[in-house]
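Each chain gets a letter, A, B and so on, in the order its sequence line appears, and its residues count up from 1.
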Amino acid sequence: MTKKSFTLLLSSLLTLSMLSACGGNNNNEAAATKDPGTSTGTNTAATEPAAEPEKPTEIKIMLPLNTTDTPPDTIKTEVEKLTNTKLTYQFFPADTYEEKLNSSFATGSLPQVTYLKNQTTFLQMKEAIKDGQFWEIGPLLSEFPNLNKLKPEILGNTKVDGKLYTLYIGRPLARQGIIYRKDWADKLGLAAPANTEELFTMAKAFTEQDPDGNGKKDTIGLVDRNELVYGAFKTVSSWFGTPNNWAEKDGQLAPEFTFPQYFDTMDFFKNLRDGGYMNQDFAATSKTDAVNMFTSGKAGLYIGGSMQDIDSLNKDLIKNVPDAVLDTHSMVAGPDGKFAQWMIPGYNNVVLFPKSAVKDEAELKKILAFFDKMMTPEVANLMYWGIEGTHYTVEDGKAKATDNKELIEREVKGFKDSVIGEYETNGMYQSLNVLPGRIHAEELVLENVKVGVADPTAALDSATYTSKGVELQQIITDATYKYMYGQLDKAGFEKEVENWKSRGGAQIIEEYNAAYKK
Amino acid sequence: MQEVTAQPRVVPEPKPKSYKSSSELKKRLWRNKLLYVMLIPGVLYFIVFKYLPMYGLIISFQDYKPYQGITGSEWVGMKHFSRLFTEPDFLNILGNTLILFGMNILIYFPIPIILALMLNELRGTFFKRFFQTLVYLPHFMSWVIVVSISFVMVTMDGGIINELLAYFGFSKINFLLSPGWFRPMYIIQVIWREAGWGTIIYLASIAAIDPGLYEASRMDGAGRLRQVWHITLPAIRGVIITLFILKIGSVLDLGFEHVYLLLNSMNREVAEIIDTYVYTAGLRQGQFSYSTAIGFFKSIVGLIMVVTVNKVSKKIGEEGVY
C-alpha cells in the first residue's frame, strides 16, 4: 500500500502542492504579521549597546542530507550557544532533494535559509532569482568582516546578471582523478599511467593478467557507473583534451560534444568495453553498485568524482581484501602529450534567502550575521569537524578525525556539508591524513589546478539553457552511451547533435555567444 | 447464484424510495445517525485531498510563478497542452505508456485470479497459509530492492543468469541495456512483486461462497475443474469486474518509481513513460505548469476510460462500480 500511495503522491504532487500554495501563502502572511515585530524589535536593541543579553535569532534552514538519518542535536546545540541563535534544521534526503526544493518553492514554503543541491539546481533557480524572489546580498557583504573574505573569483561564478544572491560552499577546483589498486599494479610491474594509452594498458592488464592471483580470470580493469559527469567519462575526456563543457571553435563558443576529442574519449570507452576491460553494464550501474564492485576486490580502477573518496573506499575494501593497497593518480597526458583537468567553478552548493520567508533587510542582516559567525574558525570547526575530543583531535595544527567513522557520519556529516567557504577563508583546520593515497590525493588536487580548464560559460546566462538545458542534455547523454555501446556511429551521433540543435540547442549556442561577447 | 455475488449491504432496506414527508426522511436520517457520523472523515478526506487540489489545475493554463501565485500568474491558454502534443517524443512516450498498460491488463491482471483459484484448491490449512504468505511477501519490498535484486541476477558482470547462459554455451544477454528486454523485465518484476498481494481480495470473496453449492455440485458428479468453472469463477465475477474497472482508471499510472529505476540511456526509447517524463521535464526542471498540464491530460484519459468501461459493463448486465 505504501508503494501505491507513493506513486499516487508523486503523480498528484503538483496538483496537491498547488492547494497548499494558497494555504501556505496565507500561513506565511499570518506568521509575517507576527514576525517583523519581534525581529525589528530585537534589531533596534542590537544596534544600541543592550544591557541584557540579546534574544537569540530564530532561523529555519533547509538543506540536503547525504546520510540516512537526521543527525541528533549534539552539534546544533553547540552552534546555537556560539552564535546566539535558535536554529531549526530541515534535513531532506539528497536523492530526492530537487523534488522537495521545487515543491516547497512552488508552494512558497521555503525557509529563511535555503541550501540548493548542486550547480545544476542553482542553474535552474536562476530564472526565479532574476525574477526577484530572493534577496540580493552583494551590497551587504562588506558589513560582515568574515563573509567579506569569501573568494571574489568564486563569488563571481555564482553571480546572476552581475549581482550576488548567494553564499557558496567551497570545494577544491579539481579533485578528480584515479583511485587504483597499487598492490595489483606493483604485482604486474605497472607504474601509475602517465598517459591515456598506459591507462588503457593498465585496465587491460588488470583484466587479463590475474592480478589477485587466484588463478581465475575474475577481475576487471575499470568500474564505471551511469553518470557522464561525476563518473569516469568527463575526467577522462579532459585528459584527451576535450573542453570543459564549452570552448571556442572558429571564433564561436561551441559545446564539448562537437569537438573531435569528445569522439576520442567515446572511442576509448568503447574499446575498453568491447575488450571486456570495464563493467559491461556501466550504463545501468548505480554508484552503489560500482563502489561495491570496487570494494569487493573485483575491479582495479575507479575514476571520477573525488580522489578524496579513497578514505571510504579503502575502509570498505580492506574489510574484504585485507592486504589491498590503494593509491591515487591524476596526471594522465592526452595523445598529444599535454596535461589537462576540468574544473568546477569552486563551489559545490550555494545558499539562498527567499523573500517569501525573510521579510525585511533587518531580518536578512541578522541571518547573515549568523553566517558571518559560521565563518569564524571556532564555529566552522565545530560544524565541519564536530566537537574536539569527541569527533576529532588536533595534531600538528590539523584535525584528525576519530576512528569511529559511524559516529562522525551520524552526528557531524549533516552539518559538515553546510559550512560556507573553505579552510582558507573560514580558518578551519585542514585534515590530517594518514592514508598515503589520501596524502597523495591532496598534493594532486593542487597539481590539478595548475593544468585546470575552466568552463567559459560558468558565469554566463542562457535563458534557453535554464529552461530546457537539462532535458536537451539527455539527448546527448543517450547518444554518448549509444555510441560507446556501438549502437550509433559517428554519423548517427552527429545526427543526434543536429536534433539537439533543432530542439533548442542552436538557441543555447546563440545565447551563450551573445553573452560571451559582452 | 445472485445472493452470492450481491455485496453485503450496510443499510438493510432495499432501494431508497422517495419519501412522502420530510419528517419521514428526518426519522430515517436520525435512525442511521452513527453511519453518517462515520461518513464524515471519508468525506472530509475526499474534499481536502481530492477535490480542493483540483483548484491547482488552473496553473496548467498559466505560466505559473510561485511568488506571484495562482492569482498573479499570467494566463497562457492551451500553450502547455499544445507543447505536449507537439513534443517530438510525445507519441513515443504515450505509446510506451499504453503498451506497458496493455501488458499490465493482459498479462498481469489474470495472474492473481489464477493464483487465487490455485491457492483455493490447496487442501490443508498449513500449506495454504504457507504458500499464501510466501507469494505475498515480495509486496513488502520496495521497488528499489526488487530492481537491485534483478540487477544482481541479470548483470553481465557475473550475474547468475548470464553465468548460467554462458555455462550452457549460450551467449550472454544484456538484459539491462537492450530495449527488447525492458518490457519483459518490467512485467516479470510486477508479477513477482504484486501477484501474491493481488490474490487477497479474490481469496476473500472465494471464502464467502456458500459451501452448499459445492456439495450440491459434487452430488451431481462435478469434478474439481467443473466446480471452479461453474461455481467459483461466476461467484467472483463481480469482484473481478470491479477490480478491472478500477485498474482501467489508473490507465496511465504505471508506477513511476519502478520504471524510473529501470530506465537508462540505452532503453529510453521504450522505457520513457508519461510519469518519468513528468519527473524529468517537469519536476526536476521546475516547469510546474507544463507538468500539471501533463498530469491533467493523464487524468482525463483515465476518466474517459473508466466511464466507458463502466458503461460497457452495465450494458452486458454486470454491476459496474457506480
Under a 4.5 Å cutoff for heavy-atom pairs, which residue among [options] has the most contacts with chain B?
options                                : value
A:Asn226, A:Thr477, A:Asp289           : A:Asp289
A:Gln280, A:Glu127, A:Met125           : A:Gln280
A:Thr288, A:Asn499, A:Thr285, A:Leu101 : A:Thr285

Lys/Arg N to Asp/Glu carboxylate O, [X] vs [Y], below 4.0 Å:
X        : Y        : result
A:Glu208 : A:Lys216 : no
B:Glu269 : A:Lys482 : yes
A:Glu498 : A:Lys495 : no

key: Pair B:Tyr277 + B:Phe90: ring centers closer than 6.0 Å   =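 No, they do not, as the ring centres are separated by 6.0 Å or more.
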inquiry  = Can you tell me which portion of A:Lys298 sits under 4.5 Å from chain B's heavy atoms? Options are side chain, backbone, both or neither.
reply    =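 Just the side chain, heavy atoms under 4.5 Å.
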inquiry  = If I measure from the heavy atoms of chain B, does A:Thr466 come under 4.5 Å with its side chain, its backbone, both, or neither?
reply    = backbone
Top contributor to chain A interface from B:Ile294, B:Asn174, B:Ile58 [non-hydrogen pairs under 4.5 Å] =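 When all of B:Ile294, B:Asn174, B:Ile58 are compared, B:Asn174 has the most.
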request  = Measure distances from B:Glu272 to the heavy atoms of chain A and classify the residue's part below 4.5 Å as side chain, backbone, both or neither.
outcome  = neither
task = Might you point out which heavy atoms bring B:Ser291 and B:Val278 nearest each other, and give the distance in Å?
result =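 Minimum heavy-atom separation between B:Ser291 and B:Val278: CB-CG1, 3.7 Å.
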request  = Only counting residues at least two apart or in another chain, list the ones meeting ring pair (Phe, Tyr, Trp, His ring centres under 6.0 Å) with B:Phe175.
outcome  = B:Trp181
